[in-house]
Amino acid sequence: MPRFAACALTVVLTAASALAPACNSTPAVDPAEQAAQMKKDLANAAARVNDEKWQEAENMLKRVLEVEPSNPEAQALLAKVRLYGDKDPAKAIELIDKAIAAKGDVADYHATRAAALEKSDKDGDAAASWGKAAQLDPDNGNYGLHQGQALRRAKQFEQAEAVFREVIKNDEAVKFVYSELGDVLREQGKLDEALTTYAKAMIKYQGDKTAHAGAAQVYEAKGETQKAIDEWSTYIRMDCCSDFSNNVAKKRIAELQQGRAG
């Protein structure tokens, strides 16, 4: 090849090399496209969490967190995966605390934290988190119901009573709130008021068997044995074979009958 032609070819190849993109370069990311994909992944992950498809949800959430490690919605959803899928409340609390630190005004985040605390047997702390959820979303009476239940388990009966009464005032249709109120009244020795409240529970929700168990215990405390036996019997008809029915209700009937016979 003549020297001139070779030089010309070299110039052309050099110019082409300068204009061509490097083979190892990464294509530019369109921020709008990336944001749209994250939004889609979060929506799909939330649906998978609701359907208890934990691994599918986690895969989507990991994609979001690779792009935005501190995304609070992804952290909160992953906390649910850890809590309900992996049965790991400690890890769930770690994740949900990060989400709350970034965005503390979401009621569902505090509800997730409360549920994780309950699984850790920290009912007092759980009650506080349920209370925060109720404060942020006062129209959701179930948050107040859970708060009162946590207070009852923590044996803070007066505080639980106040919470249940507030729930009833705002939305008496919240299921089981009357039987829960009856329980904390009974625990405080307010037996007649507890009976009245259990009666309301039976009228409001005819399938609420716990109201009959509560009424049975009140009648026992009042020394009205036959009425206690009747209520325990009603409970057993509604719940024939659970552990509570076999190990508590049926035994109480036998003991009451034996005591009356003796």
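Residue indices begin at 1 and follow the sequence shown.
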Participant: Decide side chain to side chain donor-acceptor pair (under 3.5 Å) for Gln135 and Tyr143; before the verdict, give the C-alpha distance in whole Å, the side-chain angles of both, and the deciding distance to 0.1 Å.
Facilitator: CA-CA 9 Å; Gln135 179 185 344; Tyr143 290 152; over 6 Å; no
Participant: Let me see the working for Met60 and Leu77 under side chain to side chain contact (heavy atoms under 4.5 Å, CB included), right down to the final yes or no.
Facilitator: CA-CA 10 Å; Met60 296 170 185; Leu77 286 168; over 6 Å; no
Participant: Examine Tyr178 and Phe164 and state if one hydrophobic cluster contains both, with Ile, Leu, Val, Met, Phe, Trp and Tyr joined whenever side-chain heavy atoms are less than 4.5 Å apart.
Facilitator: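 Yes; tracing contacts between hydrophobic side chains, which count when under 4.5 Å, links both residues.
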Participant: Under the criterion side-chain hydrogen bond (donor to acceptor under 3.5 Å, both in side chains), which of Arg113, His146, Lys122, Gln147 is the partner of Ser129?
Facilitator: Arg113
Participant: Enumerate the salt bridge (Lys or Arg N to Asp or Glu O under 4.0 Å) contacts for residues 131-157, please, sequence neighbours excluded, ordered by first and then second residue.
Facilitator: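 Qualifying pairs, neighbours excluded: Glu118-Arg153, Asp123-Arg153, Arg152-Glu180.
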Participant: Can you list the residues that meet the side-chain hydrogen bond (donor to acceptor under 3.5 Å, both in side chains) rule with Glu187, with sequence neighbours excluded?
Facilitator: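 Testing Glu187 for side-chain hydrogen bond (donor to acceptor under 3.5 Å, both in side chains), a comparison that skips the adjacent residues, returns none.
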Participant: Would Met38 and Leu95 show up in the same hydrophobic cluster when neighbours are defined by side-chain heavy atoms closer than 4.5 Å?
Facilitator: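 Yes, it is one cluster - the side chains of Met38 and Leu95 are joined through contacts under 4.5 Å.
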Participant: Under 4.5 Å between side-chain heavy atoms, hopping through other hydrophobics if needed: is there a path connecting Trp54 to Leu61?
Facilitator: yes
Participant: So, for Thr197 and Gly182, which heavy atoms are closest and what is the spacing to 0.1 Å?
Facilitator: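 So the minimum-distance heavy-atom pair works out to CG2-N, 3.6 Å.
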Participant: If we only count heavy atoms from C-beta on, is the Lys175 to Tyr205 side-chain gap below 4.5 Å?
Facilitator: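 Heavy-atom side-chain distance check passes, below 4.5 Å.
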Participant: Distance check, rounded to the nearest 0.5 Å: Leu181 atom CG versus Lys190 atom NZ?
Facilitator: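 Answer rounded to 0.5 Å: 9.0 Å.
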Participant: Can you check salt bridge (charged side-chain N to carboxylate O under 4.0 Å, His left out) on Glu58 and Arg82, steps first, answer last?
Facilitator: CA-CA 9 Å; Glu58 181 168 349; Arg82 295 290 174 261; 3.0 Å; yes
Participant: Checking Asn246 side chain against Cys241 main chain: does a donor-acceptor pair fall under 3.5 Å?
Facilitator: yes
Participant: Would Gln75 and Asn71 count as having a side-chain donor-acceptor pair, cut-off 3.5 Å?
Facilitator: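 No donor-acceptor contact under 3.5 Å links the two side chains.
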Participant: At their closest point, which heavy atom of Gly148 faces which heavy atom of Val163, and how far apart are they?
Facilitator: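 In terms of heavy atoms, the two residues are closest at N-CG1, 3.8 Å.
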Participant: Kindly indicate, with the supporting measurements, whether the criterion side chain to side chain contact (heavy atoms under 4.5 Å, CB included) is fulfilled by Lys103 and Asp105.
Facilitator: CA-CA 6 Å; Lys103 189 172 176 59; Asp105 61 349; 3.3 Å; yes
Participant: Restricting to salt bridge (Lys or Arg N to Asp or Glu O under 4.0 Å), what partner residues turn up for Asp192, sequence neighbours left out?
Facilitator: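 Here the qualifying residues are Lys222.
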Participant: Would you say the side chain of Arg48 lies within less than 4.5 Å of the side chain of Asn59, judging by non-hydrogen atoms?
Facilitator: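 No, too far: nothing below the 4.5 Å cut-off.
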Participant: ring-ring contact (aromatic ring centres under 6.0 Å, His included): which pairs involve residues 224-246, sequence neighbours left out?
Facilitator: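 ring-ring contact (aromatic ring centres under 6.0 Å, His included) check on residues 224-246 returns Tyr235-Phe244.
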Participant: Applying side-chain hydrogen bond (donor to acceptor under 3.5 Å, both in side chains), can you list everything that pairs with Asp41, at least two apart in sequence or on another chain?
Facilitator: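 Counting only residues at least two positions away or on another chain, Asp41 forms a side-chain hydrogen bond (donor to acceptor under 3.5 Å, both in side chains) with Gln37, Arg63.
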Participant: Got a second to check how far Lys80's NZ is from Leu78's CG, nearest 0.5 Å?
Facilitator: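 CG of Leu78 is found 12.0 Å from NZ of Lys80.
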Participant: Rounded at 0.5 Å granularity, tell me how far CG in Leu117 sits from CG in Asp125.
Facilitator: 5.5 Å
Participant: Please find the pair of heavy atoms, one from Gly124 and one from Ala154, that lie closest to each other, and give the distance.
Facilitator: N-CB, 4.2 Å
Participant: Is there a side chain to side chain contact (heavy atoms under 4.5 Å, CB included) between Thr225 and Tyr219? Walk through the geometry before answering.
Facilitator: CA-CA 7 Å; Thr225 301; Tyr219 283 126; over 6 Å; no
Participant: So how far is it from Thr234 OG1 to Asp239 CG, rounded to the nearest 0.5 Å?
Facilitator: 12.5 Å
Participant: Considering all heavy atoms of both residues, which atom of Ala211 and which atom of Ala201 are nearest to each other, and what is their separation?
Facilitator: CB-CB, 3.8 Å
Participant: Between Tyr109 (side chain only) and Ile100 (backbone N and O only), is there a donor and an acceptor less than 3.5 Å apart?
Facilitator: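 Here the side-chain-to-backbone pair does not exist.
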Participant: Please tell me if the side chains of Asp183 and Thr210 come closer than 4.5 Å, counting only heavy atoms from C-beta onward.
Facilitator: no
Participant: What are the two closest non-hydrogen atoms of Val174 and Gly141, and how far apart are they?
Facilitator: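 In terms of heavy atoms, the two residues are closest at CG2-CA, 3.8 Å.
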Participant: Assigning hydrophobic clusters by single linkage (Ile, Leu, Val, Met, Phe, Trp, Tyr; side-chain heavy-atom cutoff under 4.5 Å), is Phe176 placed with Leu151?
Facilitator: no
Participant: Side chain of His110, backbone of Gly104: donor and acceptor closer than 3.5 Å?
Facilitator: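 At least one qualifying donor-acceptor pair exists.
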Participant: Determine whether a donor-acceptor pair (N or O, by modelled atom type, separation under 3.5 Å) exists between the side chain of Gln188 and the backbone of Val184.
Facilitator: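 Checking the backbone N and O of Val184 against the side chain of Gln188, a donor-acceptor pair under 3.5 Å is found.
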Participant: Under 4.5 Å between any side-chain heavy atoms of Ser245 and Lys250, yes or no?
Facilitator: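 Yes; the side chains approach each other to less than 4.5 Å.
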Participant: Give a yes-or-no answer on whether the side chains of Gln217 and Arg252 include a donor-acceptor pair shorter than 3.5 Å.
Facilitator: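 Checked: Gln217/Arg252 side chains show no N/O donor-acceptor pair below 3.5 Å.
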Participant: Enter the distance from Trp130:CH2 to Asn142:CG here, rounded to the nearest 0.5 Å.
Facilitator: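 Trp130 CH2 to Asn142 CG: 8.5 Å, rounded to 0.5 Å.
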Participant: Specify the closest pair of heavy atoms between Ala92 and Ala79, including all atoms of both residues, with the distance to one decimal.
Facilitator: CB-O, 3.4 Å
Participant: To the nearest 0.5 Å, tell me how far Arg186 CZ sits from Leu191 CG.
Facilitator: 9.0 Å
Participant: I'd like to know whether CD of Glu68 has more than 12 heavy-atom contacts from other residues, nucleotides or ligands below 6.0 angstrom.
Facilitator: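 More than 12 within 6.0 Å, yes.
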Participant: Please evaluate residues Asp208 and Met202 with respect to the criterion side chain to side chain contact (heavy atoms under 4.5 Å, CB included), reporting the C-alpha separation (whole Å), side-chain torsions for both, the decisive distance (0.1 Å), and the verdict.
Facilitator: CA-CA 6 Å; Asp208 186 358; Met202 295 172 196; over 6 Å; no
Participant: So, using side-chain hydrogen bond (donor to acceptor under 3.5 Å, both in side chains) as the criterion, who are the partners of His212 when residues are at least two apart?
Facilitator: Glu231
Participant: Is it true that Asp230 and Lys227 have a side-chain N and a carboxylate O under 4.0 angstrom from each other?
Facilitator: no
Participant: Salt-bridge test for Glu172 and Lys200: reply yes if a basic N is under 4.0 Å from a carboxylate O, no otherwise.
Facilitator: no
Participant: Return yes when atom CG of Asp243 has more than 12 non-hydrogen atoms of other residues, nucleotides or ligands closer than 6.0 Å, and no otherwise.
Facilitator: no
Participant: Flag yes if Met238 and Val218 sit in one hydrophobic cluster, no otherwise; membership is Ile, Leu, Val, Met, Phe, Trp, Tyr, and two members link when side-chain heavy atoms are under 4.5 Å apart.
Facilitator: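 No.
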